[in-house]
*Asks:* 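One structure coming up, written as structure tokens, with questions to follow.
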Amino acid sequence: MGMYIVYRSPGGIMSARIVEVEAYIGRDDPACHAAAGPTRRNRVMFGPPGFSYIYFIYGMYHCLNFVTEAEGFPAAVLLRAAEPCDGLETMLSNSGKRQVEGLLGGPGKFCRAFGLTRAQNGLDLTGDQLFLEDRGEARPTVARSPRVGVTRAARRQWRFQVAGPPKASGG
DNA sequence: CAGACGATGCACT
DNA sequence: GTGCATCGTCTGG
């Protein structure tokens, strides 16, 4: 949280400050895509940490995750929202919008703005194409709550949001 | 191969 | 608050 996601896309470089994520942890988490075991879709979750997991949902949206935990233990962090930083024009163009409001305010909207699809599934996040960047900010205060769109295991408060007002101009 | 449904977003009431 | 677009993925036969 408070770190930046950077993507050197064919259409230009983009970056955004991460302000909302959710955790999906292991076979025991009924909301985790990997709960039923490895499939073609969730395969990358069972691999080593530090890779992108991007899936297609509702016939029209993509969602970006960061694979975490040791190889063989499927877990990932879903990126739910961010604040635009670099490459605003590219994001707007990708989204077909002219307004910044809500541009990255949801996992589907984020991927649309960044131009991420399954073509970027399984990327090495320690590479130079799609990666996280620590820009030296102080750790933001984080609030936790139940995950969105998850009915099972609602007791697990694994949604995390930066508290307080937006830092930059975006949002 | 057919059928069900989803870690969403948007229009509308 | 409710309805629904739209299709990949998974399940079961």
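What you are looking at is a predicted structure, and each value in this text was computed from that prediction instead of being measured. Order of the sequence lines sets the chain letters (A, B, ...), proteins ahead of strands, with each chain counted from 1.
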*Asks:* Does K97(A) place a side-chain N or O at less than 4.0 Å from the phosphate oxygens OP1/OP2 of dG9(B)?
*Replies:*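 False: K97(A) side-chain N/O out of range (4.0 Å or more) of dG9(B) OP1/OP2.
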*Asks:* Quickly work out the Q99(A) CD to dC10(B) P distance and round it to whole Å.
*Replies:*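 It works out to 13 Å between those atoms.
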*Asks:* Would you indicate, yes or no, if dT8(B) has its OP1 or OP2 atom less than 4.0 angstrom from a side-chain nitrogen or oxygen of R80(A)?
*Replies:*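 Yes, such a contact exists.
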*Asks:* Looking only at the side chain of M60(A) (C-beta and beyond, no hydrogens), which of the listed nucleotides dT6(C), dC10(C), dG8(C) gets closest?
*Replies:*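 Output: dT6(C).
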*Asks:* From dG9(B), dC10(C), dG6(B), pick the nucleotide closest to the side chain of Y61(A)?
*Replies:*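 It is dG9(B).
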*Asks:* Could you tell me whether D128(A) and R8(A) make a salt bridge, using a distance below 4.0 angstrom between a side-chain N and a carboxylate O?
*Replies:*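 Salt bridge flag = no for R8(A) with D128(A).
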*Asks:* Check each of I18(A), V19(A), V148(A) against R80(A) using the side-chain contact (heavy atoms from CB on, under 4.5 Å) test, and report the only one that passes.
*Replies:*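 Passing option: V148(A).
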*Asks:* Just compare dC10(B), dC10(C), dT8(B) and give me whichever is closest to any side-chain atom of K109(A).
*Replies:*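 Closest of the options to the side chain of K109(A): dC10(B).
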*Asks:* Calculate the interatomic distance between I57(A) atom CD1 and dA5(C) atom P; express it in whole Å.
*Replies:*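 So the two atoms are 17 Å apart, to the nearest Å.
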*Asks:* Nearest whole Å is fine: how far is dT9(C) P from H33(A) NE2?
*Replies:*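 Between P of dT9(C) and NE2 of H33(A): 11 Å.
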*Asks:* To the side chain of R118(A), which of dG8(C), dC10(C), dT8(B) is closest?
*Replies:*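 Of all the options, the side chain of R118(A) is nearest to dG8(C).
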*Asks:* To the nearest Å, give me how far apart CG (L116(A)) and C1' (dT8(B)) are.
*Replies:*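 L116(A) atom CG is separated from dT8(B) atom C1' by 16 Å.
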*Asks:* Both distances under 3.5 Å, Watson-Crick or G-U wobble: report the partner of dA7(B), or none.
*Replies:*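 dA7(B) is unpaired by these criteria.
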*Asks:* Which nucleotide wins on minimum distance to the side chain of Y58(A), given the candidates dG9(B), dC10(C), dG6(B)?
*Replies:*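 Of the candidates, dG6(B) comes closest.
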*Asks:* Does any nucleotide pair with dT6(C) by Watson-Crick or G-U wobble geometry, both distances under 3.5 Å, and what is it?
*Replies:*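 Partner of dT6(C): none.
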*Asks:* If you check every side-chain atom of R41(A), which of dG8(C), dC10(C), dT8(B) has the closest atom?
*Replies:*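 Out of dG8(C), dC10(C), dT8(B), the nucleotide with an atom closest to R41(A)'s side chain is dC10(C).
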*Asks:* So, Y24(A) and dA7(B): ring centres less than 5.5 Å apart, planes less than 30° off, yes or no?
*Replies:*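 Y24(A) vs dA7(B): stacking yes.
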*Asks:* From dG8(C), dC10(C), dA7(B), pick the nucleotide closest to the side chain of F56(A)?
*Replies:*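 So the side chain of F56(A) is nearest to dG8(C).
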*Asks:* Do the ring planes of H33(A) and Y53(A) sit parallel (below 30°), tilted (30 to 60°) or perpendicular (above 60°)?
*Replies:*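 Geometry flag for Y53(A) against H33(A): perpendicular rings.
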*Asks:* Only one of E83(A), E133(A), E137(A) clears side chain to side chain donor-acceptor pair (under 3.5 Å) with Y4(A); which?
*Replies:*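 Considering E83(A), E133(A), E137(A), a side chain to side chain donor-acceptor pair (under 3.5 Å) with Y4(A) is found only for E137(A).
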*Asks:* Round to the nearest Å and state the distance from M45(A) atom CE to dC10(C) atom P.
*Replies:*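 Rounded to whole Å, this separation is 13 Å.
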*Asks:* Find the distance between CZ (R147(A)) and CZ (F160(A)) and round it off to the nearest 0.5 Å.
*Replies:*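 So the CZ of R147(A) and the CZ of F160(A) are separated by 9.5 Å.
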*Asks:* Take Y55(A) and L64(A), measure what side-chain contact (heavy atoms from CB on, under 4.5 Å) needs, and give me the verdict at the end.
*Replies:* CA-CA 7 Å; Y55(A) 63 88; L64(A) 169 66; over 6 Å; no
*Asks:* Taking atom P of dA7(B) as reference, at what distance in whole Å does atom CH2 of W158(A) sit?
*Replies:*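 Spelled out: CH2 on W158(A) to P on dA7(B) is 15 Å.
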*Asks:* Need one value for G108(A): base, sugar-phosphate or nothing, where a base atom within 4.0 Å counts as base even if backbone is also close, heavy atoms only.
*Replies:*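 Here G108(A) touches the backbone only, sparing every base.
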*Asks:* Whole Å only: how far is the NE2 atom of H62(A) from the P atom of dG6(B)?
*Replies:*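 The distance from NE2 of H62(A) to P of dG6(B) comes to 19 Å, rounded to the nearest Å.
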*Asks:* Rounded to whole angstroms, how far apart are CZ on R112(A) and P on dC10(B)?
*Replies:*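 In whole Å, dC10(B) P lies 9 Å from R112(A) CZ.
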